[in-house]
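Heads up: the structure comes next, in structure tokens.
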Amino acid sequence: MPLLIVESPKKAKQIASYLGRDWTVKACFGHVRDLPATKADIPEKYRDQAWARLGINVDAGYAPLYVSRARTGVLTDLRAATKAAGGDVYLASDPDREGESIAWHLSVVLGLKDARRVTYQEVTKTAIQKALQNPRPINLALVAAQESRRILDRLAGYGVSPLLWDAIGGPQSAGRVQSAALMLLAQREQSRLSFIPSAYWRVTASVGTTPPFQASVQAIRSLPLATAASFTAQGQLKEGVEVAQLDAQKAEGLRGYLEGRDAEITSIEVSPITRRPPPPFTTSSLQQAAGARLHLGVETVTRAAQSLYEQGLITYIRTDSPALSDEALQLARAAVAERFGEDALPPNPRQYATRNANAQEAHEAIRPAGAFLAPEATGLNGDELALYTLIYTRTVASQMQDALGEKTTITLQAGVVTLGATGTRLTQRGFTALYDDDQKDEDDQALPALTTGQRAPLSKVKAEEKKSSAPARFSEGSFVQLMEKAGIGRPSTYASTLKTLLGRNYVAIRARKLHVTPLGLCVALYLLQQLPQLVDARFTAQMEQDLDAIANGELKRLDYLDRVWRDALKPAIAGAQRTSPRIKVPGREAVFEVRDGQVTLRTADGAALLPAELLPEDLDERSIPALLAGTWKPSVKSTRRTDGETAPSAAPAAKRKSSITPRKKRESTASPRKKASTSGTSRRKA
DNA sequence: CAGTGAGCGAGCTTCCGCTTGACTT
């Protein structure tokens, strides 16, 4: 009886039901071998080798040392099943670079002579049967690309992290993904810290038609009124911009000028609007939407989604593809027809393509699995129900008609002052009847029927001063989307990268937003000075291109690794400054100094060790003297918490050995010699 | 003389990506 091996046990069960009793289907649970993670992982015979800890013999053509990392029992089970199948084994790991590598490692570990590799894009009976009829050999060039990726990440991570141990002190870490991700957040923090707000005025009036509507001043004597967009981040007018700027006195004058004055409608522009439904969810868009709409953090969403997947209610949760299988398209369309009638359906099913250049599209979109149960029929509750409802409505809405409407832009003239108003009206609700993700514009309103030349008096004129705001902080969900857009990390690692940054105390969550800590800022800016290539997301983009070239056979693995390691990263690490850095605090007259992982703030007036809960944004004219005097106290709102999420789920998580929480980590940085528990090592087999 | 504490030295920390349970409190 032939044996089929897939990565996920859930998938194995599903496929077994398609193939019946003629097949054995087993799961390997992801990668089965890897470079040694700890000293205990190194086999006896390699213990004395200088490179054993790294796991790569660079001088021998970057030869990797692979050790078993499968969960207890998995390999013995697979070996027994291989024997029972008489070596008739099909390797059906995911159809991407990592999946090809897993297939190759399995072929080695199981001693398969000529391994049969099969792939499919969707888990349906016909797709599986078709795949089994077309086995192929393992693509060794693709395996070489994966191995190059693995080796580069180990060399970079284990090469640069010790720099931080010397310069920063404590159990710090750096890597191709985490350091580039940290830099993205640090840049945003820097631009916020150095942002200088600009003041501008917004003047609105009620136009006395029946019913009345709101208009706002656009220009005075044809000179546009300044808005937030007129200014640079340094608080200066942008070059070449000519605008009218008000102050309190002028604004009051304008208010008096307009109050009671007749305005004439000088133009009415109507333009049609069409809104397409958003595509079905990928890992990142699900995180974004669940964060924005349900206020759930990345870890909560991952946990709830994994549970839904295990209950057979949704498809695989780590995917970069928004595509739906034919089966899913039909089920979604049937759900639309049942709820809203045939008219709500577009003539043809909508298929969505990824816009992400790095996407590997080994899986479908995240969507309801099986029978597309309506949310109320699932028997779920709490976060799981909310998340399932979100996934269900987004999937079904993706197969509904566009929303149609019109946007009306009104221009009015009152003496020398030009005013404007806009309104949108939907003529066909389309998908918004089920799933509406429109951001409401503050100016948008329902407008009465109007004609050009019509006159009406202005009343209730209001003038209010506004301030331009710094670029917004990222939420957990938007950070995941940022990583995807920057091309760093994969759907299976977005959550764990964030967890690493939180665990290292480089990043903190306050009021559901991500903040870079003083330590994180020091690490990012130190790396930027010493190894700018590592913190640049383009490093990964270039790597992806080179890995593709290796997979195509155009580039040799050895040539690639020599180029990025021997000729670039290695000499850069050797030349880097290993002494404690002084980091200028952006936008403040102060520097950070770091010793033993502890940040000290130094100004012309003195120095103070920063309390753990202090964030860069807390540093201002009032807090800095208080810090130096030792009288600084965290305000109530600045109490650092991991999340605004439900306590019951957060509390047990903090106690689990494998989880790193900011709080726990801070305790261990206080005694840096104590061994901190790290995730992932405990389950490795020695 | 026993207990304490300062000072010294050795050993350790670390990556990314693929997958889920098995731990303890």
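Just so we're on the same page: letters track the sequence lines, and every chain starts at 1. Given the structure is predicted, the values throughout are model-derived calculations rather than measurements.
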Working for side chain to side chain donor-acceptor pair (under 3.5 Å), residues A/Gln287 and A/Thr302: CA-CA 8 Å; A/Gln287 288 291 358; A/Thr302 303; 3.2 Å; yes

Output the residues of [range] in contact with DNA chain B, where contact means a heavy atom of the residue under 4.0 Å from an atom of the strand; sort by number or write none.
{"range": "residues 312-321 of chain A", "answer": "A/Tyr316, A/Arg318"}
{"range": "residues 144-155 of chain A", "answer": "A/Arg149, A/Arg150, A/Asp153, A/Arg154"}
{"range": "residues 157-166 of chain A", "answer": "A/Gly157, A/Tyr158, A/Ser161, A/Pro162, A/Trp165"}
{"range": "residues 558-573 of chain A", "answer": "none"}

Across the strands shown, which category fits [X] at heavy-atom distances under 4.0 angstrom: base, sugar-phosphate, nothing?
{"X": "A/Ala174", "value": "sugar-phosphate"}
{"X": "A/Lys39", "value": "sugar-phosphate"}
{"X": "A/Gly175", "value": "sugar-phosphate"}

Taking only side-chain N and O atoms of [X], does any of them lie within less than 4.0 angstrom of OP1 or OP2 on [N]?
{"X": "A/Ser492", "N": "B/dG17", "result": "no"}
{"X": "A/Tyr309", "N": "B/dT20", "result": "yes"}
{"X": "A/Ser8", "N": "B/dT19", "result": "no"}
{"X": "A/Arg69", "N": "B/dC18", "result": "no"}
{"X": "A/Gln172", "N": "B/dT14", "result": "no"}
{"X": "A/Arg53", "N": "B/dC12", "result": "no"}

Audit row: A/Thr540, A/Arg176, side chain to side chain donor-acceptor pair (under 3.5 Å) steps and yes/no: CA-CA 7 Å; A/Thr540 292; A/Arg176 172 179 60 85; 3.2 Å; yes

Partner of A/Glu544 by salt bridge (charged side-chain N to carboxylate O under 4.0 Å, His left out), out of A/Arg97, A/Arg490, A/Arg149: A/Arg97

A/Arg69 with A/Asp41: basic N within carboxylate O range, under 4.0 Å: no

Output field: ring centroids A/Trp565/A/Tyr62 closer than 6.0 Å: no

Worked verdict on A/Tyr526 versus A/Gln577 for side chain to side chain donor-acceptor pair (under 3.5 Å): CA-CA 9 Å; A/Tyr526 167 80; A/Gln577 175 198 314; over 6 Å; no

5'-most by nearest nucleotide on DNA chain B - A/Gln306 or A/Arg33: A/Arg33

Dot-bracket notation for DNA chain B, counting Watson-Crick and G-U pairs under 3.5 Å, with | for partners on another strand: .........................

Any residue meeting side chain to side chain donor-acceptor pair (under 3.5 Å) with A/Asp546, in chain and number order, not counting sequence neighbours: A/Gln542, A/Arg563

Main-chain N/O of A/Thr319 paired with A/Thr283 side-chain donor or acceptor, under 3.5 Å: yes

